[in-house]
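The sequence lines fix the lettering, A, B, ..., with proteins before strands; numbering per chain opens at 1.
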Amino acid sequence: MDYLDQLNPAQRAAVEHTEGPCMVIAGAGSGKTRVLTYRIAHLINKGVDPFNILSLTFTNKAAREMKERISKVIGGTEARNIWMGTFHSIFARILRVEAEKLNYPSNFSIYDSADSKSLLKSIVKEMALDDKLYKVGFVQSRISKAKNNLISPKAYRENAEIMGDDEMSGRTKIVEIYYEYNLRLFKSGAMDFDDLLYKTNVLLRDFPEVLHKYQHKFKYLLVDEYQDTNFSQYLIVKKLAALNENLCVVGDDAQSIYGFRGANIQNILNFKNDYPDYKLFKLEQNYRSTKTIVAAANSVIGKNRDQIKKKVWTDNVDGDIIRVSRSLSDNEEGLFVANDIFTDRNNNQLSNKSFAILYRTNSQSRAMEEALRKINIPYRIYGGQSFYQRKEIKDLLAYYRLTANPKDEESLKRVINYPARGIGKTTLEKITIAAAENQSSLWEVISYGLNTLQVNSGTKQKLADFVTMIRSFGAQLQSLDAFSMAEHIAKSTGLLRELYADKTPEGLTRFENIQELLNGIKEFSESNLPEFNGEKPHLTDFLVDVALLTDADQNDDDDDKVSLMTIHASKGLEFPHVYIVGMEENLFPSQLSLSDRSELEEERRLFYVALTRAEKKTTLTYALSRYRYGTLNHSEPSRFIEEIDPQFIEAPEKLETPFERDSGFGATPWKGMGSSGDSRNFQRKEKYERPASPAPTVPPNLKRVSQVPNISTANATAAGTIVAGSQVVHAKFGKGKVLNVEGESPNEKATVFFPSVGQKQLLLKFAKLTPVA
DNA sequence: TTAGTTCGGGTTTTT
DNA sequence: CCCGAACTAA
């Protein structure tokens with residue numbers, strides 16, 4: 001039991017209190033992960049079966065790492081039997097087992113945020129609503145909020161307050177959209193992120209025997225980052241824990257930063273009401289940061305009204321004062337940070353990975369990246385557009401999803417005409433209408449109801465071919481292993497060929513990404529995971545929770561690189577040196593949070609999280625101007641800078657102005673400000689001037705003028721009189737000789753030789769050819 | 001049907 | 001500035 005000796009009294013008490021409800025309030029850097037790890041190890045050492053432990057973490061990566069650490073403590077391979085993962089992935093797993101009870105297929109699709117937006121967009125369009133008023137983002141967050149509070153469409157309609165809000169904003173149809181949205185998800189055999197929690201609640205509510213089963217299975221529950229759970233998650237935990245009440249929640253109200261996602265700090269504050277005999281442990285000693293950083297962070301969070309009082313302290317050294325750097329522009333800010341890292345690293349023999357750059361919004365990474373690249377500092381961006389959200393990856397995954405679950409509407413729409421196979425918008429609209437009329441899915445229309453579809457025979461054939469192709473994939477799903485299936489689909493759909501043909505740099509990256517995905521599947525195929533009992537997994541096994549993977553789940557962080565990420569993504573991480581950039585009003589705190597006290601307090605907690613990531617040194621930077629939407633805007637330093645107790649931070653008057661700093665600055669003193677404004681003007685001017693510039697290849701005016709007389713002549717006479725051998729005039733190519741005409745009306749295609757440009761194939765119904773007598 | 005272009009509108013944060 | 005939607009030409 002020597003691991004217990006590595007804990008301080010508060011930590012040890014939390015680890016040893018294994019029976020009954022408890023809450024651990026863990027200040028930043030107070031060894032929370034250590035407590036969780038040792039607690040689970042301790043349970044297992046005391047004889048608890050790992051299969052009876054459910055541990056809910058914030059990312060899958062955190063789960064993976066924790067399992068590794070537990071393994072080290074207890075030895076052996078038992079740790080891998082613990083149920084550990086995010087709420088979403090754990091309950092997706094359970095829902096797949098129980099899906100039939102909810103009339104869902106067990107291979108249901110999981111719609112990510114983009115899929116769900118796309119579905120909502122179609123619905124808004126089909127209902128002929130104003131998409132300016134019913135912006136999908138707004139509708140989505142409204143529905144998401146309802147789901148996270150377990151409000152069904154029916155309950156939504158019956159809720160006077162919610163309906164009142166919609167009434168006020170003039171968006172009374174949201175409830176109708178909500179109904180239709182859920183219906184369409186159901187018809188597609190799909191769940192969105194919120195459904196994974198909502199449906200779990202339905203399952204546990206309507207099927208007592210299922211609830212009973214999991215209550216017995218999960219005798220010990222642990223929930224990390226409890227301050228970030230929403231009502232839906234809260235209720236799942238409460239129900240599962242009701243039998244044994246061996247529930248341990250860990251969190252820090254000061255680090256609650258997901259309110260916008262429905263997270264509710266009240267879950268922490270109300271814990272004592274649900275479990276009056278609970279035990280509370282406060283971890284207040286910080287092992288991570290210097291005294292300066294801890295004190296500075298405390299002084300900031302003290303400005304919040306809503307909080308559980310606690311006193312985070314540390315035995316660590318005083319450390320450096322917090323620096324503040326002002327730059328002229330966002331680009332200068334990037335250069336400052338990059339140069340500062342460069343110098344610090346070289347002077348003090350530091351590794352790249354001891355530095356992190358944190359920002360409020362993803363778009364701020366660009367200036368940082370450019371500056372780092374300029375002086376060859378390796379970096380890695382966490383978060384941002386995750387690998388699985390890239391277009392080419394989503395396209396291929398859509399084929400996979402469709403193969404596994406042909407009812408999946410969003411996947412079908414994504415690939416039915418990609419690569420292009422002549423099934424266009426018009427056809428898809430007809431299919432959608434037919435599906436709505438028959439109360440069926442798009443797939444059912446094209447696979448069973450093709451005869452009744454009002455499309456021409458060519459299109460019908462194309463649809464039939466598509467159906468045959470997807471069916472043939474489906475037929476092989478159980479016989480091929482994941483990789484063979486994945487590769488077969490990528491090749492035979494033509495998707496791989498299409499991307500290979502694109503030789504632009506972006507196209508190359510896309511192709512590489514696809515290769516990377518296939519490699520990942522290959523690795524998965526050959527990974528010999530215990531749950532597949534020595535057999536090769538199928539593609540459906542790969543798909544199970546691929547939608548739930550995020551960038552943070554990629555585990556290649558042993559490289560020596562500077563880390564760049566949003567503050568949200570940095571939660572739970574720590575770095576010796578941290579730069580918090582973009583410390584400006586309207587950016588951090590975000591403009592959108594300024595009007596609401598609780599939202600501003602959430603921004604402040606976010607700042608608290610950022611500050612407490614640093615072990616040794618924190619640097620705040622801001623710029624006096626910044627590009628937004630491609631235009632330069634003036635910006636003011638963030639109020640948060642002043643909220644730090646002045647004794648821990650560089651005095652503002654001691655700030656050098658950028659002009660005093662020489663470092664090659666004199667060359668372009670106005671680089672950030674004046675000239676870029678000018679260049680915009682210049683660009684704009686250039687656009688207008690271009691038509692007047694000398695020797696344009698095609699005079700734009702001429703094009704127009706020459707068209708006008710052609711319209712009547714071409715339509716009236718062209719089709720009849722253009723035959724092989726005749727002379728014609730083309731608006732753009734000039735005089736030419738018709739070599740051949742093929743195809744039947746109205747799709748005749750002429751091959752014409754123009755002395756100016758050579759041989760051309762032209763469709764007569766489109767190309768305006770005037771016959772010459 | 002499609003490819004290519006213009007135009008307008010959008011930036012928090014994420015499972 | 002960067003994206004997708006709408007428009008236009010073939």
Side-chain angles (χ1 to χ4, degrees), chain A residues 56-60 85-92 110-114 116-118 121 125 131-132 135-137 141 144 148 192-197 225 228-230 232-233 257-263 358-364 366 383-386 389 391 417 420-428 456 458-459 462 545 547-553 565-571 582 586-594 599 602-603 605-606 609-610 626-632 676 680 683 687 703-704 707 730-733 747 749 760-769:
Chain A
L56 296 163
T57 57
F58 198 66
T59 61
N60 289 307
T86 61
F87 270 91
H88 290 84
S89 56
I90 292 285
F91 295 111
I110 297 174
Y111 277 10
D112 68 17
S113 195
S116 124
K117 269 210 172 77
S118 155
K121 193 182 241 170
K125 202 167 184 177
D131 61 359
K132 296 265 163 35
K135 287 192 189 152
V136 283
S141 76
S144 173
N148 286 149
D192 65 15
F193 283 150
D194 302 322
D195 281 340
L196 296 175
L197 307 173
E225 309 285 7
D228 287 328
T229 52
N230 59 38
S232 186
Q233 292 167 319
I257 53 174
Y258 284 96
F260 68 91
R261 202 168 85 187
L358 308 183
Y359 35 78
R360 177 67 240 266
T361 65
N362 280 305
S363 60
Q364 288 167 257
R366 188 198 48 85
Q385 201 191 23
S386 126
Q389 319 238 13
K391 183 191 174 305
N417 196 33
R421 49 174 74 86
I423 302 171
K425 214 171 59 182
T426 323
T427 309
L428 196 58
N456 65 41
T459 310
K462 288 170 191 159
D545 51 17
L548 302 171
L549 294 178
T550 59
D551 239 23
D553 293 326
M565 67 188 85
T566 63
I567 301 168
H568 283 88
S570 77
K571 194 160 81 154
N586 297 328
L587 180 60
F588 190 25
S590 154
Q591 200 168 4
L592 291 96
S593 70
L594 297 181
E599 282 182 46
E602 180 153 317
E603 294 284 308
R605 291 193 294 271
L606 194 56
V609 168
R626 178 173 299 278
Y627 277 96
R628 249 184 181 181
Y629 305 129
T631 50
L632 201 66
S676 13
R680 266 180 57 78
Q683 271 178 3
K687 245 186 213 165
K703 221 157 121 193
R704 256 215 181 139
Q707 247 171 268
H730 183 270
K732 197 160 161 183
F733 308 134
N747 289 318
K749 190 163 70 180
K760 290 273 168 197
Q761 302 250 325
L762 301 166
L763 278 175
L764 290 189
K765 68 175 170 180
F766 290 135
K768 278 111 194 171
L769 293 179

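Remark: side-chain polar atoms of His88(A) are not paired, donor with acceptor, to backbone N or O of Leu196(A) under 3.5 angstrom. At distances below 3.5 Å, at least one donor-acceptor pair connects side-chain atoms of Asn417(A) with backbone N or O atoms of Ile423(A). For Glu602(A) (side chain) and Gly259(A) (main-chain N/O), a donor-acceptor pair under 3.5 Å exists by modelled atom type. No donor-acceptor pair under 3.5 Å is formed between the side chain of Glu603(A) and the backbone N or O of Phe588(A).
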Distances for protein N or O near nucleotides 5-11 of chain B N or O, under 3.5 Å:
unit_1: dG10(B); atom_1: OP1; unit_2: Lys135(A); atom_2: NZ; d: 3.0

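Residue Ala569(A) places its side chain closer to dT14(B) than to any other of dT15(B), dT14(B), dT12(B). Here dT2(B) is the nucleotide among dT12(B), dT2(B), dT1(B) with the atom lying nearest to any side-chain atom of Ala420(A). The Lys121(A) side chain lies nearest to dG4(C) when the options are dT13(B), dT15(B), dG4(C). Listed nucleotides: dT15(B), dT2(B), dT12(B). Nearest to the side chain of His88(A): dT15(B).
Put simply, Thr566(A) has a side-chain N or O that comes within less than 4.0 Å of OP1 or OP2 on dT14(B). Close to dT14(B), at under 4.0 Å from its OP1 or OP2, lies no side-chain N or O of Ser144(A). Proximity of Asn417(A) to the phosphate of dT2(B): a side-chain N or O atom is located under 4.0 Å from OP1 or OP2. At the phosphate of dT14(B), OP1 or OP2 sits under 4.0 Å from a side-chain N or O atom of Asn362(A).
Phe588(A) has its CZ atom 15 Å from the P atom of dT12(B), to the nearest Å. Between Lys425(A) atom NZ and dA5(C) atom P the separation is 10 Å, expressed in whole Å. One can place CD1 of Ile257(A) at 13 Å from C1' of dT15(B), the figure rounded to the nearest angstrom. To the nearest angstrom, P of dT13(B) lies 13 Å from CZ of Arg261(A). In this structure, CG of Asp228(A) is placed 16 Å from P of dT13(B), rounded to the nearest angstrom. Between the CD1 atom of Ile110(A) and the C1' atom of dT15(B) there is a distance of 11 Å, given to the nearest Å. Following rounding to the nearest Å, Asn230(A) (CG) and dT15(B) (C1') show an atom-to-atom distance of 10 Å. Counting to the nearest Å, the P atom of dT15(B) and the CZ atom of Phe58(A) are 7 Å from each other.
Looking at heavy atoms from C-beta onward, Thr86(A) lies out of side-chain contact with Leu56(A) at the 4.5 angstrom threshold. The shortest distance between side-chain heavy atoms of Gln364(A) and Leu587(A) falls below 4.5 Å.
Using a 4.0 Å heavy-atom criterion, one finds that Thr426(A) contacts the sugar-phosphate atoms exclusively. No contact: Ser118(A) has no heavy atom under 4.0 Å from any strand. Gln591(A) comes within 4.0 angstrom of nothing in the nucleic acid, heavy atoms only.
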*Tell me, with the steps shown, if Phe58(A) and Tyr258(A) meet ring-ring contact (aromatic ring centres under 6.0 Å, His included).*
CA-CA 11 Å; Phe58(A) 198 66; Tyr258(A) 284 96; 5.1 Å; yes
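Rounded to the nearest 0.5 Å, atoms CZ (Arg261(A)) and OG (Ser144(A)) are 9.5 Å apart.
Position along DNA chain B of the nearest nucleotide to Glu602(A) versus Arg421(A) favours Arg421(A) as the more 5'-ward residue.
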